[in-house]
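First the structure, in the form of structure tokens, and then the observations on it.
For the single chain, residues carry numbers from 1 onward in sequence order. In what follows, every heavy atom counts, from backbone to side chain, and hydrogens, waters and symmetry copies are set aside. All of these numbers come straight from a predicted model, not from anything done at the bench.
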Amino acid sequence: MHKPSIGLSLEGMPFIFLTTVATLTFAILDCWFMATLLLAVLFLVLNFFRDPERVVPQEPGVAVSPADGKVIKVETMRDPLTGEDRTAVCVFMNVFNVHVNRMPVAGRIARISYFGGKFLNASFDKASTDNERNAVLVEDAEGKTWTVVQIAGLIARRIICWAEEGDSLARGQRFGLIKFGSRVDLYLPSDYESTVRIGEKVFAGQTVLARKKR
């Protein structure tokens, strides 16, 4: 599997390079308005593609958030890969959040399915079924399946998944990225329950999103 860099995602390097060159070019030409404007854009690009390290919980029987952002929905939804009705936790990422996605649990990538679609606001309910999205089915050590769905949003126009079918990944390990605002839905096995509330801020690979029922 492709390994992104630490600190900044490699996916952002072309944007960072071009914006830096443009900023320096206008500065050399003494066009300070454009140079200042592009410097602000460069700051936003660097902020968007940042990829910080996270402290991943080692507690057994928990799942961590696959994305940074705000929980916008916790309810029963139809799993797009298994067809089952499952509890889904939906995390919305705005343009200021870290957009690198991480594994909620340790497991094997059993299936990856891409669905073409629209680019509606990712906070809308119908984004789960109408927007462009990439669904990843993860099988954990106990044979339970988890579905992680990367959903493109109003601004996001490219979903990136570094993982491939058959890969075995650790909890909290990076597996993908969605460029410029988006959403990630996590479908839980029946013996897990959500530990977060709507409106709560979560961090990929670090915030416990679900826990095994006792």
Side-chain angles (χ1 to χ4, degrees), residues 1-4 9 11 51 53-69 71 73-93 98-117 122 127-129 131-152 159-178 182-196 202-214:
M1 189 185 79
H2 170 77
K3 301 293 193 305
S9 173
E11 301 293 342
D51 183 14
E53 284 297 335
R54 294 288 164 79
V55 178
V56 182
Q58 299 302 308
E59 178 186 354
V62 300
V64 296
S65 178
D68 278 33
V71 177
K73 184 190 296 187
V74 181
E75 63 180 53
T76 300
M77 295 168 55
R78 180 63 55 90
D79 188 315
L81 293 185
T82 68
E84 300 172 293
D85 288 333
R86 296 189 177 197
T87 298
V89 182
C90 308
V91 179
F92 176 75
M93 298 179 284
V98 173
H99 275 61
V100 174
N101 303 142
R102 293 174 178 261
M103 288 283 286
V105 294
R108 182 181 65 87
I109 306 299
R111 179 182 169 190
I112 299 176
S113 297
Y114 169 81
F115 302 88
S128 293
T129 55
N131 278 22
E132 176 180 317
R133 56 205 183 278
N134 186 64
V136 179
L137 186 68
V138 181
E139 183 177 331
D140 67 19
E142 297 180 350
K144 302 181 188 303
T145 57
W146 305 70
T147 299
V148 186
V149 186
Q150 300 171 286
I151 303 173
I159 297 173
I160 298 168
C161 183
W162 298 309
E164 298 179 353
E165 292 184 1
D167 284 347
S168 291
L169 281 70
R171 179 196 294 169
Q173 187 172 348
R174 302 165 177 86
F175 77 88
L177 176 146
I178 316 175
S182 42
R183 166 177 162 181
V184 176
D185 294 351
L186 175 63
Y187 293 80
L188 312 179
S190 59
D191 57 344
Y192 276 76
E193 58 188 357
S194 170
T195 58
V196 292
V202 295
F203 298 92
Q206 185 166 303
T207 303
V208 173
L209 209 68
R211 191 180 304 274
K212 195 170 186 178
K213 296 176 184 176
R214 298 185 183 280

Can you tell if the side chain of Asp51 reaches within under 4.5 Å of the side chain of Arg174, non-hydrogen atoms only? yes
Note, Leu81 side chain near Val149 side chain (heavy atom, < 4.5 Å): no
Could you tell me whether the side chain of Ile109 reaches within less than 4.5 Å of the side chain of Met103, counting heavy atoms only? yes
If you measure from CD on Gln150 to CG on Asp185, what distance do you get to the nearest 0.5 Å? 11.0 Å
Ignoring hydrogens and geometry beyond distance, is a side-chain donor-acceptor pair present between Thr145 and Arg86 at under 3.5 Å? yes
Answer whether the closest heavy-atom distance between the side chains of Met77 and Cys90 falls below 4.5 Å. yes
Distance, nearest 0.5 Å, that separates CG of Asp85 from OH of Tyr187: 10.0 Å
Rounded to the nearest 0.5 Å, what separates atom CZ in Phe203 from atom OG in Ser65? 9.5 Å
Start with the C-alpha distance between Arg54 and Val98, add both sets of side-chain angles, then the distance that settles side-chain contact (heavy atoms from CB on, under 4.5 Å), and finish with yes or no. CA-CA 12 Å; Arg54 294 288 164 79; Val98 173; 3.9 Å; yes
Test your reading of the model: is there a side-chain donor-acceptor pair from Asp68 to the backbone of Ala204, 3.5 Å cut-off? yes
From OG (Ser113) to CG (Leu137), nearest 0.5 Å: 8.5 Å
Can you tell me how far CZ of Phe92 sits from CD1 of Ile151, rounded to the nearest 0.5 angstrom? 11.0 Å
Could you go through Leu209 and Leu188, starting from their C-alpha distance and side-chain angles, then the distance that decides it, and tell me whether this counts as side-chain contact (heavy atoms from CB on, under 4.5 Å)? CA-CA 10 Å; Leu209 209 68; Leu188 312 179; 5.9 Å; no
Of all the heavy-atom pairs spanning Trp162 and Gly176, show the shortest one and how long it is. CE3-N, 3.2 Å
Output yes when Lys213 and Glu193 qualify as a salt bridge under the 4.0 Å nitrogen-oxygen rule, no when they do not. no
Taking the side chain as C-beta and beyond, is there a heavy-atom pair between Met93 and Asn101 under 4.5 Å? yes
Side-chain heavy atoms of Arg102 within contact of Val64, under 4.5 Å: no
What's the spacing between Glu164 CD and Ile112 CD1 if we round to 0.5 Å? 7.5 Å
